2 protein chains.
Amino acid sequence: MGYTIGQVAEKFDLTAHTIRYYDKEGLLPFVDRSKAGNREFSDSDLDWLKLICCLKNTGMPIKQIKHYIEWCLQGDDTLEIRRQMFVDHRKEVLKQMDNLKENLKTIDFKLEFYDTICKVHVNGEKLSMGKQNDDCLKIIRQIVI
Amino acid sequence: MGYTIGQVAEKFDLTAHTIRYYDKEGLLPFVDRSKAGNREFSDSDLDWLKLICCLKNTGMPIKQIKHYIEWCLQGDDTLEIRRQMFVDHRKEVLKQMDNLKENLKTIDFKLEFYDTICKVHVNGEKLSMGKQNDDCLKIIRQIVI
DNA sequence: CGTCGAGTTAAAGCTAACTCGAAGTGATGG
DNA sequence: CCATCACTTCGAGTTAGCTTTAACTCGACG
């Protein structure tokens, strides 16, 4: 029987429009059609789509994903080049993770600052902080906003 | 003295064009100008730009970064909303890390498969694998390309 | 004084990845 | 028989984030 484009769209949190767009761009050449001309996705098609989403969500451009699909259709001659693509892309993903970790540090530092200063601000009138602390916070506020 | 736009561009691996674009979009309202009208970046400006790059590289749209900058200029009334922005964005970044980890698993699985099958393919003629193994690999190849 | 390099603006152009709309087809339920 | 609904194609439009171009201005160097 297979899945309709609508069902697949829901499963993958895409729109039917987007899936048709992927098809038009050559990412789904393996998807069969019903007599009426409607796309019928098999379970293996869903596996392909899952991989396509994985590559797309890790920043691979649609054109390169298309190359990969073409290589797959070409057969065993392209096995090595495909393997190499995954090796390279894996490196890319690791780099993304490193960058993300670095940026998370920056955000955490910022957040620590905001947590401190917001607490002071809310209780500003009630709690006596002492003049030195107040001055200190003013300076901090100017330096690290 | 301060840095020129070219120096800053090099430091941050951006182009001068891009920095001017950020300025035009309201991300750099604090940058001073020389008598000649050229931008002069101070060390504190570089800190701002570093944060801007951090937010941009973790997927925050330029418009939202602009909001943040505006809130900063407005003063202490916006401290809490700014803190909340960082709390929310931190969650976003953690989600990105999770997704990246999941996708890395998919890629690693794929790579394991390609490593195996490429090894077999290269030594295909030399090494006797036995008929059973060959059949098995054929099937695997069809299922998990 | 000329010219070179680095800066300036404003506006147009580009690419990727959708996103939408119009106009039509085919199966199903009342 | 007709409406509804999910699908179809094709082509145009949108958005974000640059990127390029044209025409210009400084300040320093020979």
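What you are looking at is a predicted structure, and each value in this text was computed from that prediction instead of being measured. Numbers restart at 1 for each chain; the letters A, B, ... are given by sequence-line order, proteins then strands.
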Colleague: Q64(A) has an atom CD; how far is it from atom P of dA17(C), in whole Å?
Modeller: 11 Å

Colleague: Figure out the CD1/P separation between I19(B) and dC18(D), and round it to whole Å.
Modeller: 11 Å

Colleague: Give the rounded distance in Å between these two atoms: CG of L28(B) and C1' of dC18(D).
Modeller: 15 Å

Colleague: For nucleotides 2-15 of chain C, give me one character per nucleotide, 5' to 3': B if any protein heavy atom sits under 4.0 Å from the base, S if the only such contacts are to the sugar-phosphate, - if neither.
Modeller: -----SBB------

Colleague: Enter the distance from E80(A):CD to R82(A):CZ here, rounded to the nearest 0.5 Å.
Modeller: 10.5 Å

Colleague: With the side chain of K56(A) defined as its heavy atoms from C-beta on, choose the nearest nucleotide among dC18(C), dA17(C), dG17(D).
Modeller: dC18(C)

Colleague: Rounded to the nearest angstrom, tell me the gap between atom OH in Y21(A) and atom C1' in dC10(D).
Modeller: 15 Å

Colleague: Please name the residue in the list D32(A), T4(A), D23(A) that meets the side-chain hydrogen bond (donor to acceptor under 3.5 Å, both in side chains) test with R39(A).
Modeller: D23(A)

Colleague: dG27(D) C1' sits how many Å from M1(B) CE, rounded?
Modeller: 13 Å

Colleague: Salt-bridge test for R90(A) and D115(B): reply yes if a basic N is under 4.0 Å from a carboxylate O, no otherwise.
Modeller: no

Colleague: Would you please classify the geometry between the Y68(B) ring and the W48(B) ring as parallel, tilted or perpendicular, with 30° and 60° separating the classes?
Modeller: tilted

Colleague: Among I19(A), V8(A), D45(A), which one satisfies side chain to side chain contact (heavy atoms under 4.5 Å, CB included) with L28(A)?
Modeller: I19(A)

Colleague: K35(A) has an atom NZ; how far is it from atom C1' of dA6(D), in whole Å?
Modeller: 17 Å

Colleague: Hey, does the side chain of E25(B) reach the backbone of K66(B) with a donor-acceptor pair shorter than 3.5 angstrom?
Modeller: no

